[in-house]
Amino acid sequence: MPLNKLITLAEAVRQHTWDGMQYASGAALPVGSDAIAFGRELLRQQRRGLHAIFHANTQQLNLLAAAGAVTQAECGFSGLEGFGFANGLRRAIEQGKVVLEDFSNLAMALRLLAGALNWPFVPATVNIGSDLQYRRAFEPNVHPNPNKIPSLTDPFSGRQIGAFAPLRPDLAAIHVTLADQEGNAIMLGTEWSRFELSRAAKRVVLLADAIVHTDCMRQYPNLVRIPGIIVEAVVYCPFAAWPQASPGMYDVDEAHMKAMNQALGSDDGTAAYVRDYVESYADLDGYLDLIGRERIAELSHGATAFLLDPYRRWLLPHAEALAMTTAARA
Amino acid sequence: MPLNKLITLAEAVRQHTWDGMQYASGAALPVGSDAIAFGRELLRQQRRGLHAIFHANTQQLNLLAAAGAVTQAECGFSGLEGFGFANGLRRAIEQGKVVLEDFSNLAMALRLLAGALNWPFVPATVNIGSDLQYRRAFEPNVHPNPNKIPSLTDPFSGRQIGAFAPLRPDLAAIHVTLADQEGNAIMLGTEWSRFELSRAAKRVVLLADAIVHTDCMRQYPNLVRIPGIIVEAVVYCPFAAWPQASPGMYDVDEAHMKAMNQALGSDDGTAAYVRDYVESYADLDGYLDLIGRERIAELSHGATAFLLDPYRRWLLPHAEALAMTTAARA
Amino acid sequence: MSTDYRRQEMMAIATGREIRDGELAIFGVGLSMLAGYFAQAHHAPRVRAMTEGGVYGATPVGGLPWGIECNRLAVNAMSFTSALDALGCLVASGRCDVGIIGAAQVDRFGNVNTTGIWDGPIGASYRPPKTRLTGAGGANDIACGAKRYLIMVSHEPKRFVDRVSYITSPGYLDGGDAREQLGFVGSGPSAIITTLGILRPDPQTHEFQLDAYFAFSGIEEILANTGWDLKMAADVRVVPEPSAEELAALRRVDETGMLRR
Amino acid sequence: MSTDYRRQEMMAIATGREIRDGELAIFGVGLSMLAGYFAQAHHAPRVRAMTEGGVYGATPVGGLPWGIECNRLAVNAMSFTSALDALGCLVASGRCDVGIIGAAQVDRFGNVNTTGIWDGPIGASYRPPKTRLTGAGGANDIACGAKRYLIMVSHEPKRFVDRVSYITSPGYLDGGDAREQLGFVGSGPSAIITTLGILRPDPQTHEFQLDAYFAFSGIEEILANTGWDLKMAADVRVVPEPSAEELAALRRVDETGMLRR
């Protein structure tokens, strides 16, 4: 009998998170796949003092920073791409509420790779020679800082390069397009660094837009870049990345992206956003109601919907995925 | 108009190989995907003095070593898994005709990764403390050898680890299941280290069991682990890995695996094998005749054939793939 | 020549002209993507375009993508891999021919700041910026690894400073051979393309100097908008205005009219 | 108890008994795969089996696979990744609970040679072996990284040597804390399971000593087949013979009868 790792989002946060932990997500992109719904639940359960490891900022980090749940963060990009600056994260940094350690996007991927491989360091041929190397927000009084990206000598050429420290977050909440009950997962769209993150983190919880039968994985094993053997729990969560995009599943919700970022630009706006979009729903169906059934239908019929076609025959209906989650809790 | 990179196997070897080059293939497994047909053509064109970079030995390296085309080799495994020792490679090493530098299988993957990333070295937490570190076949008179896997100090912990040298072969001939004319490629079965090799090599030539329309790649972009932008040429070559397996395409040819390895166990046997299975065919159709149409049919209907099902609608018929190759040469 | 075009369109076209056919090129989101895909639509049909997310072979559809994983770009990709692959194997490795990055601030040696704006120098002790920007993203990786790269930036005095307060992406650092000494595989910024003209580095000092100005601009306007004593190249020239074909190609790419606002 | 079984079957069952349910386990091709899948079929249904090729969730069908990419294993995998992932992220990282490796030679400290057989010590200058073997494969990576590993080897004097001529995969090296000093994440070989019995390391000296022998064997036979002065554990015992359930499970896995030849 296959394992059933399906649990509710609330249960996943209860079991796998704690105040002050190193929490990783956003190993996707500011406008793409990220387990934002997990961040909402972190706020609902009032987690605080998080050390956030996000390859690039997303609306999740933007929200967690604005709402005061994060005190330290490390990322390679702190904006929202085409949607501009990330107002929540930006304000928190400017006000000194979040200390952000800067790296580049490649550096973050390499640090996750080093965590995955359990290396003591990973060679750095980028970020050296710039203030990414010399300035360390976590150790502000040392300049130029020799500890953030220390120099080291290549034993073959004698040439100096740098070294990045590995990342091994306590938990990674990873958005995937499709997962089965054992935690085998398929991502559509760029992996960004979800593969490396899934190996670097001490625990992995998946948020899947849809649950599929394991037969789907056996048909497409080369697509299963995250195997169940490294996954603790699976949460069935349609629109887990909303308002961001999930290629093949749904488009970016442009209106909500803008409204959310605008709200996070002020304390009042943030409070209203948390009230209306974080604390307002009781369960998964309530969350989907909040997004709006019409909007869901509209966002789901974008130009990339064809990317999902090969897998549709294995998608479990909503009620069945919910029932399996209940069964797993019993 | 899409680029057409399809050329014949003979043309690929003429254009992209030379005596004494660092030649890589076998970034698959001893019994799995490898561009063995490319090795046959290397012998047909009498390439010599090759420095072979094979993640693990395959029947290709076994044959090239037996036939005297290789003088240096680096690999992580020198056997044939369930088929026993690799008689051709083994004899060549024992007779001093091939100097083999030993690493582990992870070491070879890491060295390819380092080549791909253009790192000066890659951290080694394996192979250290054993004779893989202390014995260097390419520098036999230094013991214990400090240059093969030199020690280096982790700048964070002060702990000693090792360093592997990167691999950047002049050419990689890579077996893939499916490719389009631009060189976008899908591998079914483990990648082993074909992904890393495709980025580490200075030039990449693909040997594809089948050619598909580019629409197939656009339907499954997450499966396209080797994009055309890094590929020099594509060779349409059904049964390119024969007698080894290509998951989804054909099973291992057990009888030929055994007979081939037995033949490579003696000089006479090798000469006969080269005569009968290397120099005996004029073109692709002749090669397929040599394998035998009945055997092809039998090997093609194995238990993994279902893995190919999703892509069958985009497979170009044999005549069309051949015609595109001709067109590309004109 | 067409005279009915915006300054931003001229900047995008001038940038696109720097991209050659067949090159492996990395574009960010926004202006740089428009410039790159303009080149593909106009004179570089076989440019091998990639993003730092590992999106290969895609052409945007339905307007400028909101991000690298925007479905406008995901819709027709031929391959999706990862950041490690794109920024590591293809860019930091030295394989990528050309990249395009933006800048909040750029200085005389082509160093770029996209991290933050401080009131004055940061000082010995790091402190939060007055205005936090977007950070390095992949720009530092492009600046270190791409064979050459282009900087696109609006030509304003606050952006063209003598010395950026934070080097996010290294240009030629302190000039001369300062960059070379770090051993980067990439050779540095080959041009700064602005809303007024084009600056290129002196081959020895690596100080950026005025190479050319746009027809609607001039040396005086450029000097007035540059925060350092900008030197002139030996043969400062006028950049040819967009041809009708260029403008048509750019507007096909910029179908939502971002550059015409 | 069943008495109708072969020595190789006893070895496979004794090895499989070392595998616990739920463990992340890496098996090679051949004997070690049979032992591992026997454990899965018998007492460890949720063992998380992997190969060094990055084949996850597969159970062999149609007989013992010829190799890691054999279609007998590829036929029902749930995930295919890569060697870097399997041997690097999951094994060398220290994540894998248990591995099984084979040996051409093994010595008193559990060091394994699968590289070659020389006539005498290699000496100061490296030279080709008289008999070339298969090299390290993934065994060195398992020996360095797996939390513990098992060595399966036929019990013959030529294989059980005082000191292997070439250490392909490190056991406890020179014994004592020699291994610890190298800082491997894996803690070394926990047992050598042979065709005659089971050897385990002394916790301090890390020298392997006889822990138990099979019902068809005995201390004398084992001593006669061991090339060093094998010490005895305090309580050398007889290994329980295969139960009918164990033998049935093993033979379901070994459907082509490799162990019964």
Side-chain angles (χ1 to χ4, degrees), chain A residues 106 109-110 113-114 116-126 146-166 176-178 185-191 194-195 215-216 218-225 247-248 303-304 306-311 313, chain B residues 106 109-111 113-114 116-126 146-166 176-178 185-191 194-195 215-216 218-225 247-248 304 306-311 313:
Chain A
L106 176 57
L110 291 174
L113 177 71
L117 289 162
N118 200 8
W119 285 347
F121 70 91
V122 57
T125 62
V126 298
N147 304 319
K148 181 180 171 188
I149 307 174
S151 289
L152 125 156
T153 305
D154 166 31
F156 294 104
S157 69
R159 180 185 143 201
Q160 289 282 111
I161 64 161
F164 294 122
V176 299
T177 316
L178 308 172
I186 290 176
M187 297 171 273
L188 302 181
T190 166
E191 291 178 358
R194 286 177 281 177
F195 180 89
D215 287 350
C216 178
R218 295 200 191 277
Q219 180 66 65
Y220 293 104
N222 282 92
L223 281 177
V224 181
R225 298 276 296 163
T304 64
F306 77 96
L307 288 175
L308 193 67
D309 288 346
Y311 322 103
R313 54 187 280 215
Chain B
L106 176 58
L110 291 174
R111 296 178 69 206
L113 177 72
L117 290 162
N118 200 7
W119 285 347
F121 71 91
V122 57
T125 61
V126 297
N147 304 317
K148 182 180 169 186
I149 306 174
S151 289
L152 124 159
T153 306
D154 166 31
F156 294 104
S157 69
R159 179 187 144 200
Q160 289 282 113
I161 63 160
F164 294 122
V176 298
T177 316
L178 307 171
I186 291 176
M187 296 171 275
L188 302 181
T190 165
E191 291 178 359
R194 285 177 282 178
F195 180 88
D215 287 350
C216 178
R218 295 200 191 278
Q219 180 66 65
Y220 293 105
N222 283 90
L223 282 177
V224 181
R225 299 275 296 162
T304 64
F306 77 95
L307 289 174
L308 193 68
D309 288 345
Y311 321 105
R313 54 186 282 215

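What you see below is based on every heavy atom in this structure, not just the backbone, and it leaves out hydrogens, waters and symmetry mates. Note that this is a predicted model, so its numbers are computed, not measured.
- Summarising the geometry of B:Phe306 relative to A:Gln219, their closest heavy-atom pair is O-NE2, 2.9 Å, with the distance given to 0.1 Å.
- At a 4.5 Å heavy-atom cutoff, the contact between A:Arg225 and chain B is made by side-chain atoms alone.
- Contacts between B:Leu110 and chain A at a heavy-atom distance below 4.5 Å involve the side chain alone, from C-beta outward.
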Show, in sequence, the C-alpha distance, side-chain angles and deciding distance for A:Ile186 and B:Asn222, and conclude whether the side chain to side chain contact (heavy atoms under 4.5 Å, CB included) test is met. CA-CA 9 Å; A:Ile186 290 176; B:Asn222 283 90; over 6 Å; no
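- Only the side chain of A:Leu113 comes within contact range of chain B, with heavy atoms under 4.5 Å apart.
- Contact of the A:Asn118 side chain with the B:Thr125 side chain is not registered, since no non-hydrogen atoms from C-beta on lie closer than 4.5 Å.
- With A:Pro221 as the partner, the side-chain contact (heavy atoms from CB on, under 4.5 Å) test is satisfied by one option alone out of B:Thr190, B:Leu188, B:Leu307: B:Leu307.
- Evaluation of the ring-ring contact (aromatic ring centres under 6.0 Å, His included) rule for B:Tyr220 yields A:Tyr220, B:Tyr311 as partners, not counting sequence neighbours.
- Ranked by non-hydrogen atom pairs under 4.5 Å with chain A, the options B:Pro247, B:Pro146, B:Pro150 are led by B:Pro150.
- The side-chain heavy atoms of A:Pro123 and B:Pro123, taken from C-beta on, include a pair separated by under 4.5 Å.
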Under 3.5 Å, which donor-acceptor pairs link side chains of residues 156-166 of chain A to any protein atom two or more places apart or in another chain?
from, atom 1, to, atom 2, distance (Å)
A:Ser157, OG, A:Asp154, OD2, 2.6
A:Ser157, OG, A:Arg159, N, 3.0
A:Gln160, OE1, A:Thr153, OG1, 2.7

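- Proximity to chain B (any heavy atom under 4.5 Å) is restricted, for A:Leu152, to the side chain, taken from C-beta onward.
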